[in-house]
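Structure first, then comments.
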Amino acid sequence: MESTIMKKERKGLVLFSEYKRGEGIRKALEVGRENILFELKSSKLKGRGGAGFPTATKWMLTAAAISEEKFLVCNADEGEPGTFKDRVLLMEYPELVFDGMVIGGYTIGAKEGIVYLRGEYEYMLKSLEDYLEQMRKDNLLGNKILGKKDFNFDIKIRLGAGAYVCGEETALIESLEGCRGESRNRPPYPVNTGYNNRPTSVNNVETLASVPHIVLKGGDWYMKVGTDKSSGSKLFSVSGDCNKPGVYEMPWGTSIRELLKVVEAENTKAVQVGGASGICIPESQFDRKLGYEDAATGGSIMIFNKNRDMLHILKNFMEFFVEESCGQCTPCRIGNVKLLEGVEMMEKGEFTFDYIEKLKDLGSTMQVASKCGLGQSSPNSFITILDNFKDEILNKRGNGAA
Amino acid sequence: MKKDKTSRTPVSQQPFEVEKPTDTNTIGGTVSIEINGEKMHVPLGTTILEACKEKKVHIPTLCHHEDLCVAGVCRVCVVEVEGFKTLQAACAFPITSPIKIKTSTPLVRKARRYVIDLLLSEHYGECYSCIRNQNCELQDLAHEYGVDGYTFGHVSKPTYEKDTSSYSVIRDMSKCILCKRCVRTCIDLQEVGVLEAIDRGDKTHISTFMEKPLADVICINCGQCINRCPTAALHANDPSDEIWEAIDNPKKHVVIQTAPSPRAAIGECFGLEAGHSMTMELNTALKRIGFDGVFDTNFTADLTIFEEGTELIIRLKKALVDKDASVKLPQFTSCSPGWVKYIEHFYPEYLDNLSTAKSPQQMFGAIFKTFYAQQKGIDPKDIVSVAVMPCSAKKFECNRPEMNSSGYKDVDYGLTTRELAKMIKEAGIFLPEMPKSHFDSPFGDASGAGLIFGATGGVMEAALRSVIEFVTGNKTEDIFANANILPLRGFEGVKYVELPIANVGPVPEILKHLVPSWDFLKGATLKVAVAHGTANAKKIMEDIKAGGKFSECHFIEFMACPGGCIGGGGQPIPTTPEIRKKRAEAIYGEDSSLEMRKSHENPHVIKIYEDFFKEGPCGHLSHKLLHTHYTKRGKFIA
């Protein structure tokens with residue numbers, strides 16, 4: 001069974017460390033819900049999708065919600081440009097992800113887990129289904145898992161249809177329900193009324209994959225890795241101008257400079273942390289640390305060397321958002337178009353500094369006025385690239401103040 | 001928390017509905033909040049918008065509409081809530097914990113202004129050439145927020161081609177601001193589902209199935225989307241230019257019929273509060289504009305009661321006396337053209353239940369070009385018949401190919417309340433100042449029964465006022481005080497009334513040739529129901545399909561629009577539950593002020609049966625001119 005899943009030799013402190021399928025589930029069922037939540041809470045594990053919401057809190061809220069039916073959803077819609085770590089976890093470490101889901105289902109009281117798999121990952125559907133089938137045979141899924149009375153849990157996989165916004169948890173739920181992928185108003189939150197109006201915990205692949213290790217080895221052990229505000233380790237999907245692109249597990253708190261060294265990047269001008277919706281960091285700030293408290297990321301690290309044109313990069317990002325906004329709220333739908341138009345003006349050298357400042361101001365308004373995380377984060381690269389590479393972009397082009 | 005689990009909208013996105021605790025000190029019943037530093041208590045689940053409204057703090061809105069579920073997409077109502085990093089949409093934020101709200105900080109004002117600027121940048125509109133000029137929510141907001149230029153540019157050319165395929169509704173998507181009120185109206189309020197957002201990002205737009213023209217999809221023409229569109233992206237297909245042309249043509253004899261609902265609402269177009277009926281003033285205005293005859297649609301509403309009532313009696317007799325299994329009951333009303341198209345699309349297998357009687361509008365049209373033409377000695381080809389209706393579907397109805405049994409189009413133009421108001425203004429007339437005058441002969445003034453057709457339950461009430469007297473020989477007043485059949489009134493979505501027939505009287509002369517005696521109804525219980533809005537119609541239809549209690553009804557009134565005709569798609573904008581209530585009150589008030597309040601007492605109707613439809617209701621000629629047939633359309637689009 002596992003032969004269909006290619007396993008590379010990877011090394012890491014947590015996720016890429018030794019783990020035997022089912023171990024986490026066994027321990028979890030042994031210690032019970034309260035202890036799982038206690039360990040999770042002391043581990044300070046935060047959501048790995050990028051938003052960084054404390055996982056223990058999310059599970060506690062879902063567990064506390066009163067309902068005859070609850071759901072655990074694994075967000076595998078990995079759509080942020082430059083991330084591919086969930087793909088590695090699903091293909092090479094499915095035992096971590098699925099065991100994490102079973103533990104989550106047990107903790108919150110769900111009978112059903114749903115993997116929302118990115119449409120482009122359809123190729124792994126078969127092997128994942130086979131893997132789940134094997135888990136059923138081994139009593140790691142289905143009724144009375146590992147003999148535990150009253151614990152029935154199964155997992156199904158649903159494919160996305162390619163919309164970036166469906167990585168946002170409420171849009172993901174809309175999509176699961178068969179609707180157009182559009183984010184919902186919050187509050188109320190999915191932990192109370194989520195999938196099919198039932199309490200639902202939506203967790204990132206990597207978050208779930210961290211859970212079995214925490215359950216096995218304890219929250220304190222996990223806290224030893226990383227920083228105080230960003231505990232544990234993180235998978236970084238590194239791409240761009242470096243000799244060793246790929247997925248790396250590193251403790252939170254690693255500085256950008258350290259990371260660049262590991263992946264053998266030279267002549268680096270800028271690092272985009274957090275994908276298209278992330279921030280762009282110039283060389284002068286390479287000592288900044290990766291973590292929720294400083295340079296946060298869902299995993300995407302894009303490296304640009306000194307031959308790259310920052311405006312071109314920005315244009316690429318903005319074109320992405322213009323297309324990928326779900327189109328429901330005004331700031332995101334039209335705001336991104338205006339930012340892209342601004343980039344095109346700068347490209348042609350036909351702009352005024354006043355107008356560019358106005359657009360930055362618009363960007364900061366979009367950050368607070370948009371309906372969901374997409375529109376709230378889409379101006380990040382516009383603002384940080386213009387802030388950090390002002391000379392390159394504005395002063396070199398045209399006459400500047402045309 | 002009352003939530004509709006059958007709705008398409010996720011429960012989490014439906015507004016909280018919490019009963020206000022009578023004792024505000026109840027623990028947990030209310031939440032203490034602060035709006036701009038002022039403390040107040042609100043019931044749990046109140047939205048920030050509602051709380052602000054109570055505190056007289058004005059919050060601008062665009063995508064919010066009282067009739068619709070929450071959207072929270074335009075973002076113009078954003079406010080600051082302490083503890084939140086981002087601004088929150090006031091319309092979509094249910095208050096469940098003590099929060100502090102600020103509604104007019106620099107950040108809030110800037111965000112609102114930018115949202116308006118962004119919308120204006122993509123909204124193709126030169127206000128002075130716009131059908132919604134001075135009645136546009138976007139224009140109002142731009143004014144309110146002091147927009148004095150286009151910060152982020154402005155489109156100078158239309159971005160989409162207009163869809164003018166429909167007789168009723170025109171879609172001008174270049175003016176659409178994607179508030180999705182039309183989408184929510186169509187699918188949530190009406191449960192038709194013609195409109196939806198398609199594509200995404202900057203290409204997002206509202207469209208139909210496979211982007212087909214509106215005339216080719218299952219649109220029922222109810223025009224509820226028009227009533228809720230904040231801009232002119234949706235508007236009715238306006239025939240006023242053609243009507244002016246006919247008026248100005250001396251060879252044409254232009255007659256106009258006015259329905260009760262436009263009369264109860266047109267004052268709103270002239271700045272009056274909702275709830276002023278302007279029937280008599282309107283008569284004068286129309287004569288001054290140059291119409292050659294001004295008539296009351298209620299005359300044919302009274303006629304409808306005869307025709308539809310007789311049809312019901314025939315059905316009942318066939319079913320109960322002749323035991324004819326092919327007779328379809330309950331009989332459905334057929335005067336709402338939106339409902340007719342709805343049933344043609346969604347329940348074509350029930351078309352035989354639909355009364356074959358034409359709507360009052362079409363009956364009058366047929367009479368103008370036959371009886372009226374004879375009386376006046378005018379060649380029917382020179383008569384142009386116009387109908388002022390609260391309705392956009394009436395435009396489609398008058399263009400149905402089968403509506404020409406006289407050899408001419410029954411009704412040439414259907415005009416909405418809004419369009420008529422515009423014509424009156426164009427003629428230099430300020431309606432509220434007009435002296436009063438009566439309708440023209442030979443049809444004269446009609447009964448109050450015809451009048452109340454305009455409100456949901458009205459057709460049924462009008463029918464019962466006559467049926468009770470025909471069958472029992474007693475007065476309606478003996479059962480219902482002042483002949484006001486209150487159980488049929490009000491805005492409850494579905495109403496159901498049972499009426500036991502204890503004793504029967506003699507059969508009136510006009511019906512004797514059809515039913516020799518009422519004995520078959522003695523001891524029976526007449527069961528009737530009323531639904532308004534097609535979402536409620538659907539509830540009844542599904543119940544009938546499942547063999548529920550409504551399948552045992554004898555007669556059911558269906559109106560496509562919420563509130564009935566007074567909430568029609570041709571009525572003045574805006575529309576809210578409150579406005580519809582006032583319009584209904586105006587209609588019921590007018591009814592109770594009349595002497596003649598029952599259709600069968602209308603002497604003009606009795607006379608037309610004596611002089612013209614000599615075989616009586618449902619006779620040969622009335623079948624030819626006053627009845628119609630329907631088309632099985634189905635839901636699937638070729």
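The structure presented is a predicted model; accordingly, all values stated were derived computationally and were not measured. Within every chain, numbering begins at 1; the chains are lettered A, B, ... in the order of the sequence lines, protein sequences first and strands thereafter. Values reported hereafter were calculated over all heavy atoms of this structure, with side chains retained and with hydrogens, waters and symmetry mates removed.
Counting heavy-atom pairs closer than 4.5 Å to chain A, the top-ranked of the candidates B:I198, B:D202, B:V108 is B:D202. Most heavy-atom pairs under 4.5 Å with chain A, from the set B:S121, B:G72, B:A111, B:G201: that is B:G201. Most heavy-atom pairs under 4.5 Å with chain B, from the set A:E324, A:Q376, A:E174: that is A:E324. Listed options B:V78, B:T151, B:V76 were ranked by heavy-atom pairs under 4.5 angstrom with chain A; first place goes to B:T151.
For B:I177, the part sitting under 4.5 Å from any heavy atom of chain A is the backbone (N, CA, C, O) and nothing else. If you measure heavy-atom distances from A:T170 to chain B, you find no contacts under 4.5 Å at all. Neither the backbone nor the side chain of B:A89 comes within less than 4.5 Å of any heavy atom in chain A. Interface remark: B:Q88 contributes side-chain atoms only to the contact with chain A (heavy atom separation under 4.5 Å). Neither the backbone nor the side chain of B:D117 comes within contact range of chain A; no heavy atom of the residue lies under 4.5 Å from a heavy atom of that chain. In this structure, the portion of A:Y189 lying under 4.5 Å from any heavy atom of chain B is its side chain and not its backbone.
Residues passing the side chain to side chain contact (heavy atoms under 4.5 Å, CB included) test with A:E122, sequence neighbours excluded: A:L159.
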From CA spacing to verdict: side chain to side chain contact (heavy atoms under 4.5 Å, CB included), A:N185, B:F93
CA-CA 8 Å; A:N185 293 302; B:F93 193 105; over 6 Å; no

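Enclosure of atom NZ in A:K111 is not indicated, since only 12 or fewer non-hydrogen atoms of other residues, nucleotides or ligands lie within 6.0 angstrom. More than 12 heavy atoms of other residues, nucleotides or ligands shown are found within 6.0 angstrom of CD on B:E126. Other residues, nucleotides and ligands place no more than 12 heavy atoms under 6.0 Å from the NZ atom of B:K102.
Residues B:K180 and A:E182 are in side-chain contact: their nearest non-hydrogen atoms beyond the backbone lie under 4.5 Å apart. The shortest side-chain heavy-atom distance between B:V73 and A:K371 falls under the 4.5 Å cut-off.
To the nearest 0.5 Å, atoms CG (A:L362) and CZ (B:R113) are separated by 12.5 Å.
For residues 328-341 of chain A, a heavy-atom distance under 4.5 Å to chain B picks out A:Q328, A:C329, A:T330, A:P331, A:R333, A:I334, A:G335, A:V337, A:K338, given by residue number.
Electrostatic pairing of A:R180 and B:E196 does not count as a salt bridge here, judged by no charged N lying under 4.0 Å from a carboxylate O.
Side chain of B:R200 to main chain of A:G327: no donor-acceptor pair is present (N/O by atom type, distance under 3.5 Å, no hydrogens or angles).
Among all heavy-atom pairs drawn from A:T365 and B:Y114, the shortest one is OG1-CD1, 3.3 Å.
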